[in-house]
Amino acid sequence: CWCMLEAYSRAWAEIDYDAIAHNCDEVQKIVGSTKIMGIVKANAYGHGDIACAKALRDWGVDFFGVSSVDEAIGLRQGGIEENILILGYTPEEHFHYLHEYNLVQSLCSYAYAKKLNQYGKENHCVIRAHCKVDTGMNRTGVIYQTQEKHMEEILAEYQLEAVSVEGIFSHFPVSDDLGEDAKTFTKKQIDLFNEVLANLKAAGINPGVTHLQNSYGILNYGSLGYDYCRPGLLYMGVTSDDTIPIASNPDFIPILSLYANVSVVKWLQPGMTVSYGRHFTVKKPCKVATMSIGYADGLPRIVSNQDLHVLVHGQACPIIGNVCMDQCMIDVTDVENVQEGDTVCIVGLQGGKRVTIDEISRKAHTINNETLSALAARVPRLKKRG
Ligand SMILES: *Cc1c(COP(=O)(O)O)cnc(C)c1O
């Protein structure tokens, strides 16, 4: 397993899988009796999907969410036997995997549900599914919004003979925003979802398991009483952006740290420049270290020359000049005894100081979801011990 490598590389991530249990406890305090569906799509946002799923399972998670059928098969082959919901689209030529691997497919539309039903009838099998209701994201699902309500399609999905609808869910586009407009919109989505559940019950249909909240839906809307919630980020111990205010006060442990090595240390004199494009000019004698991580590892090139700090011997040092594909340079003038082979902390704790993924994301004008999931496959994920 790639997350169990013993030898450290030129750049590596260390993942504290044990902290997942703590982070799940924190989520559970917020959502009350609602169970956690562990969202492990995109290799658990770069943290290793099988290792995360096993840690979540050991804590008590019995349902996982992924984006595609190949991610789901990867989990099955990795020994995950619990329920797996595919949140995204499965093309028709892969329908047979749904049955073979006992997966739950989300119904992207009523037309899609009919296609799945056709497949099930022709192949004498029943496909497990969750009904996706589109209450305002306008991505996938049957539309059920103020202006346009397709209850008849939702009802029809539950009547299909070769598709077994075992659950129902919807998704929030602005649960991270505590502004009045966004809160009104999100609350309306909750009302619409509840209306759908009431309509199903009135028609004598059991909706199956219900789930609505993503990470910010959990943080800002607390206990809503549905069967499951769907955190991705939260069990990883981070949010999208640590400057976004939230309505709860959880105590998360970020599970990912990122490191590289110092390869060269040298003194540069005024007028000399650093890296491609010569965008950094030395002003006074400056001790510069080269470190072995670059944009092909997932350190975004856009953070070049933005005063992003990393830790060497527990001291903050800025990245100077352009980030290269496999390397970049840092100003270590104020750090004593820096040597080739020293460990640089790009994300995590060193000498009592912390540098966060949030700082990288902010300077890259994006959110942690993207920065984490863009961490390259070539960066080994090591399991943090002790
Ligand atoms: C990705 C995703 C989630 C998890 O999102 P987080 O913000 O990481 O909690 C939940 N539900 C759906 C439908 C998703 O696509």
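For ligands, and for the atoms within them, numbers begin at 1 and follow the listed sequence.
Residues Lys287 and Asp331 fail the side-chain proximity criterion, which asks for heavy atoms closer than 4.5 Å.
Judged by distance alone, the side chains of Asn261 and Glu340 never bring a donor and an acceptor atom under 3.5 Å apart.
For the pair Ile39 and ligand 1, the shortest N or O to N or O distance does not fall below 3.5 Å. Ligand 1 has no nitrogen or oxygen under 3.5 angstrom from a nitrogen or oxygen of Asn369. For Gly232, a nitrogen or oxygen atom sits less than 3.5 Å from a nitrogen or oxygen atom of ligand 1, counting backbone and side chain alike.
Of all atoms in ligand 1, numbered sequentially from 1 with element shown, those under 4.0 Å from a heavy atom of Lys41 are 1 (C), 2 (C), 3 (C), 14 (C), 15 (O). Within ligand 1, the atoms closer than 4.0 Å to a non-hydrogen atom of Pro231 are 9 (O), numbered from 1 in the order shown.
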Next item on the list: Might you work through the salt bridge (charged side-chain N to carboxylate O under 4.0 Å, His left out) test for Arg57 and Glu81, ending with a clear yes or no?
Entry: CA-CA 10 Å; Arg57 181 189 65 191; Glu81 293 174 352; over 6 Å; no

Report, one line per pair, each donor and acceptor closer than 3.5 Å where one atom sits in a side chain of residues 262-274; sequence neighbours left out.
unit_1, atom_1, unit_2, atom_2, d
Ser263, OG, Thr290, O, 3.4
Thr273, OG1, Arg278, NE, 2.9

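Considering only non-hydrogen protein atoms, atom 10 (C) of ligand 1 sits nearest to Arg230 O, 3.4 Å. Of the protein's non-hydrogen atoms, the one nearest atom 8 (O) of ligand 1 is Tyr45 OH, 2.5 Å.
When heavy-atom distances to ligand 1 are checked against a 4.0 Å cut-off, Arg139 comes that close only through its side chain, counted from C-beta outward. Both the backbone and the side chain of Ser215 come within 4.0 Å of ligand 1, counting heavy atoms alone. Only the side chain of His171 comes within contact range of ligand 1, with a heavy atom under 4.0 Å; no backbone atom does.
For Phe169 and His211, the distance between ring centers is under 6.0 angstrom.
No more than 12 heavy-atom neighbours from other residues, nucleotides or ligands sit within 6.0 angstrom of CD on Glu336.
When the side chain to side chain donor-acceptor pair (under 3.5 Å) test is applied to Thr371, the partners found at least two apart in sequence or on another chain are Ser361.
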